[in-house]
K.L.:
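Input: one structure, supplied below.
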Protein chains: 2
Amino acid sequence: MATEVITYNEDLIKMARIAKALSHPARLQILNILSKQTCCYSGNIAGEFPIALSTLSQHLKELKDSGLIQGEIMHPNIRYCINPENWHLAKELIDKFFNGYSLITEECCK
Amino acid sequence: MATEVITYNEDLIKMARIAKALSHPARLQILNILSKQTCCYSGNIAGEFPIALSTLSQHLKELKDSGLIQGEIMHPNIRYCINPENWHLAKELIDKFFNGYSLITEECCK
DNA sequence: TTTGTATTTCGTAAAAATACGAAGCAAAAG
DNA sequence: CTTTTGCTTCGTATTTTTACGAAATACAAA
C-alpha cells in the first residue's frame, strides 16, 4: 500500500492533535478528575476508576504530550495539573473552529 | 490479552465520540470546506486537497456517523451540510467541558 | 439500452491506539 | 544498604484507523 502522507494546514494539525487527546473517555475522565481539585492532584487516579496502572500511565503521557496537562514528580507522588496556557489555547482553537460557521438558514440544510 | 471494556459516563462517551470525529486533519479540512459555503456543498471535495475518493468517502461516513454532517443524494451529486442541531450540541458539550475548570490560581500549577 | 458521472463498498495492507502484566527505576523510609 | 512505594517503560496481543485501487452501484442522459 501507499498510505501516502498528506500535508495539512498547521492549525488544522494542531486542532486535530488536541481533539485526539480528547477522543478517549479515559482521558476525559482524567481531565475531569484533575478539574475537581482546587489545585493540582496528587492522589491515586487509578483508584477512581478501573484501569491498569500502565494503561493509565499511557493516557497521562498522551495528555502530557498534547500539552493539556503537566506533571511534576514530588516523591513519592506526582502532581498533575492542567496546563493553563495550553488549556486556553485549546479552548480558543476549538471556539474559533466552531464559530467559523455561520449556520445561517437551517432551511438550506433540509 | 484481556483488553477489558470499561464503562464510562454517557456524556464522556458522547464527548469522546465528537472529539474522535474531529481528530483527523482531513475531517477538519472537510468541515472547513463545508463551512465556507453559504449553504450546502455540492462540489468536488476531493479536488480541494489530495485524497483518494475512497478515503474521502470513509471520512465523510465517519463525520456522518458522528452526526456532525449530513449528506443527501441529489443525483448526480451529493449535498453535504453541517447538521446544525448536532453542531450546536457538540459545541455545547465541548464548551461545558472546557468551562468546567476554574483554573483559579495559575500559581498552584507551577 | 448503453454510456457517463459521481459516489460507495470491498479487499487489503500498514500503522496507530488500546490494554495488560511484568520488569525496571528513583527517591524516601527504615 | 535494603526495602518500600509509586510511577513508567517494555513486551506483547488485539483492535481500530487510515489509506488506496478496483469493483460495484445508482441514476441521468444519450
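Letters go in sequence order (proteins before strands), and every chain restarts at 1.
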K.L.:
In whole angstroms, how far is the C1' atom of D:dC7 from the CG atom of A:Asn44?
P.N.:
11 Å

K.L.:
Return the value, rounded to whole Å, for the distance between atom CD1 of B:Ile69 and atom C1' of C:dT7.
P.N.:
13 Å

K.L.:
Hey, can you pull the residues of residues 26-33 of chain B with a non-hydrogen atom under 4.0 angstrom from DNA chain D?
P.N.:
B:Arg27

K.L.:
Begin with the C-alpha distance, continue with both residues' side-chain angles, and end with the deciding distance and a verdict on side chain to side chain contact (heavy atoms under 4.5 Å, CB included) for A:Leu12 and B:Asn32.
P.N.:
CA-CA 9 Å; A:Leu12 240 49; B:Asn32 263 338; 3.2 Å; yes

K.L.:
Just how far, in rounded Å, is P of D:dT17 from CG of B:Leu22?
P.N.:
14 Å

K.L.:
Is any side-chain nitrogen or oxygen of B:Lys20 closer than 4.0 Å to OP1 or OP2 of D:dT16?
P.N.:
no

K.L.:
Could you tell me the separation between the CG atom of B:Leu53 and the C1' atom of C:dT8, rounded to a whole number of Å?
P.N.:
10 Å

K.L.:
Where the side chain of B:Ile78 is defined as all heavy atoms beyond and including C-beta, which of C:dT7, C:dC10, D:dT18 is the nearest nucleotide?
P.N.:
C:dT7

K.L.:
Name all residues meeting the salt bridge (charged side-chain N to carboxylate O under 4.0 Å, His left out) criterion together with A:Lys61; count only those two or more places apart in sequence or in a different chain, and write none if there are none.
P.N.:
A:Asp65

K.L.:
Just to verify, what does A:Lys96 make a side-chain hydrogen bond (donor to acceptor under 3.5 Å, both in side chains) with, not counting sequence neighbours?
P.N.:
A:Asp11

K.L.:
Picking from C:dC20, D:dT17, C:dC10, which would you name as closest to the side chain of A:Ser54?
P.N.:
C:dC20

K.L.:
Counting only side-chain heavy atoms from C-beta out, which of C:dT18, C:dT8, D:dC7 sits nearest to B:Tyr80?
P.N.:
C:dT8

K.L.:
Kindly list each side-chain donor-acceptor pair under 3.5 angstrom involving residues 13-30 of chain B, sequence neighbours excluded, with atom names and distances?
P.N.:
| unit_1 | atom_1 | unit_2 | atom_2 | d |
| --- | --- | --- | --- | --- |
| B:Ser23 | OG | B:Lys20 | O | 2.7 |
| B:His24 | ND1 | B:Ala26 | N | 3.0 |
| B:Arg27 | NE | B:Ala21 | O | 2.9 |
| B:Arg27 | NH1 | B:His59 | ND1 | 3.0 |
| B:Arg27 | NH1 | B:Glu62 | OE2 | 3.3 |
| B:Arg27 | NH2 | B:Lys20 | O | 3.2 |

K.L.:
Determine all donor-acceptor pairs shorter than 3.5 Å in which one atom belongs to a side chain in residues 47-54 of chain A; sequence neighbours excluded.
P.N.:
| unit_1 | atom_1 | unit_2 | atom_2 | d |
| --- | --- | --- | --- | --- |
| A:Glu48 | OE2 | A:Tyr41 | OH | 2.7 |

K.L.:
Measuring only between side-chain heavy atoms, which start at C-beta, is B:Asn83 closer than 4.5 Å to B:Ile69?
P.N.:
no

K.L.:
Applying side chain to side chain contact (heavy atoms under 4.5 Å, CB included), run through A:Tyr80 and A:Gln37 and close with a yes or a no.
P.N.:
CA-CA 10 Å; A:Tyr80 278 113; A:Gln37 314 306 312; over 6 Å; no

K.L.:
Near DNA chain C, under 4.0 Å by heavy atom, which residues of residues 57-68 of chain A?
P.N.:
A:Gln58, A:His59, A:Glu62

